[in-house]
K.L.:
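Here you go, one structure.
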Amino acid sequence: MFIDKSMTREVITIQPEASIIEAYEIMEKHRVHQLPVVDHENTLVGIVTDRDIRSALPSDFLYDEEALKAQERAAAIKVRDVMATNVYTVSPANTLEDALLLMEQKPVGAFPVIDENRKVIGIISVRDLMRAFINVLGIHEPGTLLCILAEDKLGTMKRIVDAISEERIPFGSILVARHWEKGKRLVFPYLLTQNVAHVKRKLEGLGFQLLNPMEWYLDQLPKKS
């Protein structure tokens, strides 16, 4: 899953000489929280966020449209004065997984997508990532998520898939995650049906332990009281 297939291509940008009032109005109009800052050749030179704008605008400007003096002072502040120049970016050849990991590590909500010449060709945001993974996982369709505790060895996944497929139940997706217990893995099939009682019984009959997916979290399973 490459970024260029899921990124937003129509990027709203701004130039460094624009005022922060103009940046504020653009963000309000397009309902975005950050603007890549580009020069006249569309080369990325920085990024400005709504937080940068709010910290620079006088509070009375935001709440009193008649505060002309405050507006005049704010109009003199340029985007270049408040933008960040150390911009976290991705390339169209990066994967969605790359962007997701980077977004977890960095306190940002979107990354400009640039080519080899630092030209802005897109932007990938949290919303874009959510939409992409929803499509990949098939969870836009009604269904049921199972959580299966299984041994981490060759052939286990095939047994699970075969057991479900034999019941003629379609998959929306299937994920595998680590488990705190050595030699174990958690398997999360998302099945495009809500009639799964017989499948659960079949899997338990094959020796698999079924858990409540709502009680599981990444590092370990909660201990029972």
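For the single chain, residues carry numbers from 1 onward in sequence order.
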K.L.:
Other members of the hydrophobic cluster containing Leu44, with the 4.5 Å side-chain heavy-atom rule, please.
P.N.:
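Other cluster members: Val11, Val38, Ile47, Val87, Ile114, Val120, Ile123.
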K.L.:
Between Phe188 and Ala177, what is the shortest heavy-atom contact and its length?
P.N.:
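Result for this residue pair: CE1-CB, 4.1 Å.
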K.L.:
So does His40 have more than 12 non-hydrogen atoms from other groups sitting under 6.0 Å from NE2?
P.N.:
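Counting other residues, nucleotides and ligands, NE2 of His40 stays at 12 neighbours or fewer.
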K.L.:
How far apart are the C-alpha atoms of Tyr190 and Thr144, what are their side-chain angles, what is the distance that settles it, and do they pass the side chain to side chain contact (heavy atoms under 4.5 Å, CB included) test?
P.N.:
CA-CA 6 Å; Tyr190 184 74; Thr144 305; 5.9 Å; no
K.L.:
What's the spacing between Arg54 CZ and Ile20 CD1 if we round to 0.5 Å?
P.N.:
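Here the rounded value is 12.5 Å.
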K.L.:
Apply side chain to side chain contact (heavy atoms under 4.5 Å, CB included) to the pair Leu149 and Lys184, showing each step before the final yes or no.
P.N.:
CA-CA 7 Å; Leu149 180 62; Lys184 299 289 186 178; 3.9 Å; yes
K.L.:
Can you measure from CG (Asp50) to CZ (Arg31) and round to the nearest 0.5 angstrom?
P.N.:
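Interatomic distance, Asp50 CG to Arg31 CZ, rounded to 0.5 Å: 14.5 Å.
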K.L.:
State the OH-CG distance between Tyr24 and Leu35, to the nearest 0.5 angstrom.
P.N.:
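The CG atom of Leu35 is 13.0 Å from OH of Tyr24, to the nearest 0.5 Å.
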K.L.:
Take Val126 and Met103 through the test side chain to side chain contact (heavy atoms under 4.5 Å, CB included) and record every step on the way to the result.
P.N.:
CA-CA 8 Å; Val126 172; Met103 201 166 284; 3.2 Å; yes
K.L.:
Out of curiosity, does Leu154 fall in the hydrophobic cluster containing Met157 (side-chain heavy atoms, cut-off under 4.5 Å, transitive links)?
P.N.:
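No: no chain of side-chain contacts under 4.5 Å links Met157 to Leu154.
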K.L.:
Val196 and side chain to side chain contact (heavy atoms under 4.5 Å, CB included): which partner among Leu191, Leu203, Ile164, Leu210?
P.N.:
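One option only clears the test, and that one is Leu191.
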K.L.:
Could you tell me whether the side chain of Leu129 reaches within less than 4.5 Å of the side chain of Ile124, counting heavy atoms only?
P.N.:
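SC-SC contact between Ile124 and Leu129 confirmed.
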K.L.:
Using the rule that Ile, Leu, Val, Met, Phe, Trp and Tyr join whenever any side-chain heavy atoms are under 4.5 Å apart, tell me whether Val199 and Leu206 fall into a single cluster.
P.N.:
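Yes, same cluster.
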K.L.:
In this structure, would Leu175 and Ile160 fall into the same cluster of hydrophobic residues linked by side-chain contacts under 4.5 Å?
P.N.:
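Hydrophobic grouping puts Leu175 apart from Ile160.
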K.L.:
I need the Ile174 CD1 to Leu145 CG distance, nearest 0.5 Å.
P.N.:
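The CG atom of Leu145 is 10.5 Å from CD1 of Ile174, to the nearest 0.5 Å.
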K.L.:
Determine whether Val161 and Val187 fall in the same hydrophobic cluster, where Ile, Leu, Val, Met, Phe, Trp and Tyr are linked whenever their side-chain heavy atoms lie under 4.5 Å apart.
P.N.:
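Same cluster.
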K.L.:
Would you compute the distance between atom CD of Glu22 and atom CE of Met27 and round it to the nearest 0.5 angstrom?
P.N.:
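CE of Met27 is found 11.0 Å from CD of Glu22.
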K.L.:
As a quick check of understanding, evaluate side chain to side chain contact (heavy atoms under 4.5 Å, CB included) for Ser125 and Phe111, giving each step before the final call.
P.N.:
CA-CA 6 Å; Ser125 67; Phe111 299 112; over 6 Å; no
K.L.:
Under the criterion side-chain hydrogen bond (donor to acceptor under 3.5 Å, both in side chains), I'd like the reasoning laid out for Thr8 against Asp128: C-alpha separation, chi angles, the key distance, then a yes or no.
P.N.:
CA-CA 7 Å; Thr8 298; Asp128 295 321; 3.1 Å; yes
K.L.:
Listed by chain and number, what are the side-chain hydrogen bond (donor to acceptor under 3.5 Å, both in side chains) partners of Asp162, not counting sequence neighbours?
P.N.:
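Counting only residues at least two positions away or on another chain, Asp162 forms a side-chain hydrogen bond (donor to acceptor under 3.5 Å, both in side chains) with Lys158.
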K.L.:
For the residue pair Asn117 and Thr43, confirm or rule out a side-chain donor-acceptor distance under 3.5 Å.
P.N.:
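Side-chain D/A pair, Asn117 to Thr43: absent.
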K.L.:
Does a side-chain heavy-atom distance below 4.5 Å link Arg159 with Phe208?
P.N.:
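SC-SC contact between Arg159 and Phe208 confirmed.
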K.L.:
Hey, which of Asp98, Leu96, Val113, Thr95 is the one that makes side chain to side chain contact (heavy atoms under 4.5 Å, CB included) with Val90?
P.N.:
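The option that passes is Val113.
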K.L.:
Rounded to the nearest 0.5 Å, how far apart are CZ of Arg185 and CG of Asp152?
P.N.:
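The CG atom of Asp152 is 4.5 Å from CZ of Arg185, to the nearest 0.5 Å.
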K.L.:
Considering only heavy atoms from C-beta outward, does the side chain of Lys202 approach that of Glu166 to under 4.5 Å?
P.N.:
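A side-chain contact exists here, since the closest heavy-atom pair is under 4.5 Å.
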